[in-house]
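In what follows, every heavy atom counts, from backbone to side chain, and hydrogens, waters and symmetry copies are set aside. First the proteins, then the strands, lettered A, B, ... as listed; each starts at 1. Everything numeric here is computed off the predicted structure, so don't read it as measured data.
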Amino acid sequence: MTSFLTAFFSGTAQGAIYALVSLGLVLVWRGAGVVNFAQMGQAMFTTYIASQLIQHDYSYWSAFVVALFSGAVLGALVDLGLMRPLTSRKNLKSLNSESMRTAIPVIASLGILGILKSLAGIFWAGEERGFPSPIEPTAIKIGSTNLAITGFDLFVIGVVFLALGLTTIFFTRTGVGLAMRASALNPEVTRLSGIKVGSVRTLGWAISGTVSSLAGLLVTPRTNLSPNTLDLLLIIGFTAAVVGGLTSLAGSVLGGFILGYVISFVSVYSAPENVFIAILIFLLLALFLRPQGILGSKEVRRV
Amino acid sequence: MLVVTDLVTEFSSVKALDGITFKAKAGLITTVIGANGAGKSTLLRTISGLEKPTSGSVKWFDHELTGKSVEAIVRGGIAQVPEGHAVISQLSVAENIELGGLFRKRSHKGDLVRAKREVFELFPILFERRDQQAGSLSGGERQMLAISRALVSRPKLLLLDEPSLGLAPLIAAQIINIINELCRSTGLTVLLVEQNANTALAVADHGILLSLGKVVANLPADELIADSSLRAAYLGY
Amino acid sequence: MSKSISLKHKVIGRRSTLLAILLFLFFIALSKQFDPYNQAQLANIATLLIAVLSITLLTGASGQISLGQGAIMAVGGYASALLVTRLGYSMWLSFILAIFVSALFGLFLGLAAARLSGPYLAGTTLVMALAIPSIAVRFEPFFGGDVGINVDYGNPPRWLTSFVGKISIEEWSLYVVLPFTALALFAVLNLSNTRAGRTWRAVRDNEVSAALAGINIGRTKVIVFVCASGLAGLAGALYGFRGLVGPSVYPTDLSLTLLTAAVIGGLRSIGGAIFGTFTVVFLPDLIERITSTFEVPGAIANYLPGLAIGTLLLLTVILNPSGAAGLNERIHHRIKKTISKSGGH
Ligand SMILES: Nc1ncnc2c1ncn2[C@@H]1O[C@H](COP(=O)(O)OP(=O)(O)OP(=O)(O)O)[C@@H](O)[C@H]1O
Ligand SMILES: [Mg+2]
């Protein structure tokens, strides 16, 4: 029973983080038609920024805010400086092939990933370092019995739910949120409604940068920080996004939690080494059984 | 007044518009007819900025439109209802309408509320269906929604691309009549593209016949209706 | 009409044979100038070139991206190692069979990845690449865990040593790899001129019009992926010739290196693949030489190759999406234009 509860609670906390990563990926995929493989590289970079600040005696919370903000800036910069020019009309005309056009942004994002990792290695020497958490990761006690959940898990779950709640309000209750949904669904009609689809897209990159930066802040207290630590998270996030349906924001969050449970139950009941195989099998099964994902729309192809 | 001069729009090798020149008077309905592939859609898309012309000019009163972005053109009071009932089917009816007025949300809050009320009065069925997904509407309702989306931006010039496409004749006539009334009562300028010449020309003041990217006739609407030889030559009926 | 086409075919066929043979001779000539280390590097290039060609084929001919070509190499590598160590097959036969095993694997993956539309292939192959160590450990008795499988593909046969004298193991590996490289090159060069090659390009350029022309998009994409997987598997098997097949031989970075080689050379061009492979193999060496002369601290020097490769990728897509080969073409074009202009005056 205890091992079940342990797996359940740690699955919820991990799943919450995966949900953020997957949400970040889906935001950009829907908005710009790009799977941003540099996403967790960006998050790694901003987590290093926070870590630097903390080492220089700034408070955890100020570092937290700065990291989220730099996540937004970095995301916007990737779009403005790279993706937008790459996908501009003029540039695409020179590539007289449809599928090349979708390949180019992917390659660009891999380039960014490589550069961010090496820069982090060069700036911050690249050895693993710890990253603090505002709440100790020790089990919560009632009387003298340990519960299967730590204070840090609760903190992670709380922060993620707050973030998801804010995102939901943003998308369903605000005009900008409506504009973002609309331009992801049908850019042409959105432009004909007088909305600057380009700016909306950049905003999507910025929000994606912020959520993934948050994921980085929340996951590193457990994993330590090095230029490569977050690679794994990207893969899990991608799988979660595919499982949930690449086109659905709610699906991406759901997929994140599902993957959290899969991973945590496999590592508790089987062995941590088997986690990867589990992810792979899960991904292949999802692709075979339901290629459009749990909540994704039937139409897999983007036109 | 809309003045189009020597407009040329090309797609790689095809000249979809091959030197189009015409005027559309403010407050009136100008109808553009032509067979499949004549360049009607391309004409509207070039006016609204979706396609960039190779040469020529489009002027709305004193403003040159070529070279401007779509958003700027829309914000300047020119709204397009694209071909094929273009609404965003995954959004609700209310959200589609909201979208059309979104860019005026800050500056004209009060008027936006009024504009939304007006389109619901114009198309009461949309009010009943306001929380339904736009994808679940019938073809006619979808066309009404597409027009409403354009109208809440309070356009001065409305570009309509085959609003009767795929609709039952009765519904098509109803939609055309609503456009007609709107034009007469508010002074809205309308550029209406249709393949089905009869209903569209019946309400129009002026008619333009396109063929292979060129203007082959530019006449008052009633004269164009009467000219059966032109119709036989270019539309085949 | 049809006669002229077949004539052209023959010319191209002859030309690609010539090119493959020339490359073969070039490598051998080059190897004679090299010390064993660089001979091994040359064998590496010849091996990786096959894998890079598989990406050129996949992305260049059909527009799909694989971020886990290294994982498919691993499939080929393990297949051939197991055939040799468990079943006692001969090396050459195991290499050939590795092609089929990995092609079969590619078929399975291709069918899974939602018939390879959108970003599914890129992500799925990346997950594959990361899962290799985990699979090797899970099935340790079979795949040999973290370490992998030691294979001894044997020494150069006597007839060869009696013919060319004593040769180092590095040089021998080069001799083993080169014929396959030449064959792969020949196959890829010819493929692009066949009916199949044209079909693939049509799919790459415009799926909608290809579909309208009656091409089955899904099937075509899977077929391309299967062919590319076969090539990558061959490269993986040859990569194991160095004596070990294991997770450390096919790391995730390998997949990215291969993609980089294909991209900077130009995804559509076979010459580009050759150029790109040379670049990614020798660039780290070059950087190391530079950093050691300037005494750059190790903590920084470790990251310079990654930085260089990332920058190269970005610069390629920004400045010249068709890669080095495209640049070459463009320069030619410009020169021609300048000449014709100055001629007109
Ligand atoms: N995006 C495009 N790319 C290439 N060619 C195009 C494109 N859009 C239109 N064309 C071509 O331009 C010409 C005019 O097309 P257009 O859509 O303007 O015709 P239309 O008069 O609206 O026809 P329909 O009545 O069928 O809607 C056609 O030959 C068409 O094939
Ligand atoms: Mg049309």
Out of curiosity, [X] [atom1] to [Y] [atom2], how far, rounded to the nearest 0.5 Å?
{"X": "L307(C)", "Y": "L116(A)", "atom1": "CG", "atom2": "CG", "value": "10.0 Å"}
{"X": "L284(A)", "Y": "L111(C)", "atom1": "CG", "atom2": "CG", "value": "11.5 Å"}
{"X": "L126(C)", "Y": "D231(A)", "atom1": "CG", "atom2": "CG", "value": "8.5 Å"}

Between L82(A) and chain C, which part of the residue has a heavy atom less than 4.5 Å away: side chain, backbone, both or neither?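 Just its side chain gets close to chain C.
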
With a 4.5 angstrom heavy-atom cut-off, which part of T239(A) approaches chain C: side chain, backbone, both or neither?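 Contact with chain C is through the side chain of T239(A) alone.
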
Please give me the minimum heavy-atom distance between [X] and [Y], naming the atom from each residue.
{"X": "V317(C)", "Y": "L86(A)", "answer": "O-CD2, 3.3 Å"}
{"X": "Y303(C)", "Y": "P227(A)", "answer": "OH-CG, 3.8 Å"}
{"X": "F238(A)", "Y": "T124(C)", "answer": "CE2-N, 3.9 Å"}
{"X": "G306(C)", "Y": "S118(A)", "answer": "C-OG, 3.3 Å"}

Passing option when I65(C) is tested against V35(A), I107(A), I104(A), L110(A) for side-chain contact (heavy atoms from CB on, under 4.5 Å):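 By the side-chain contact (heavy atoms from CB on, under 4.5 Å) criterion, I65(C) pairs with just one of V35(A), I107(A), I104(A), L110(A): I107(A).
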
Most heavy-atom pairs under 4.5 Å with chain C, out of I279(A), L119(A), L246(A), belong to L246(A)

Let me know if L312(C) has heavy atoms under 4.5 Å from chain A in its side chain, its backbone, both or neither. neither

Where on L259(C) is there a heavy atom nearer than 4.5 Å to chain A: the side chain, the backbone, both, or neither? side chain

Within-4.5 Å side-chain heavy-atom neighbours: I135(C) and L280(A):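 I135(C) vs L280(A): side chains touch.
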
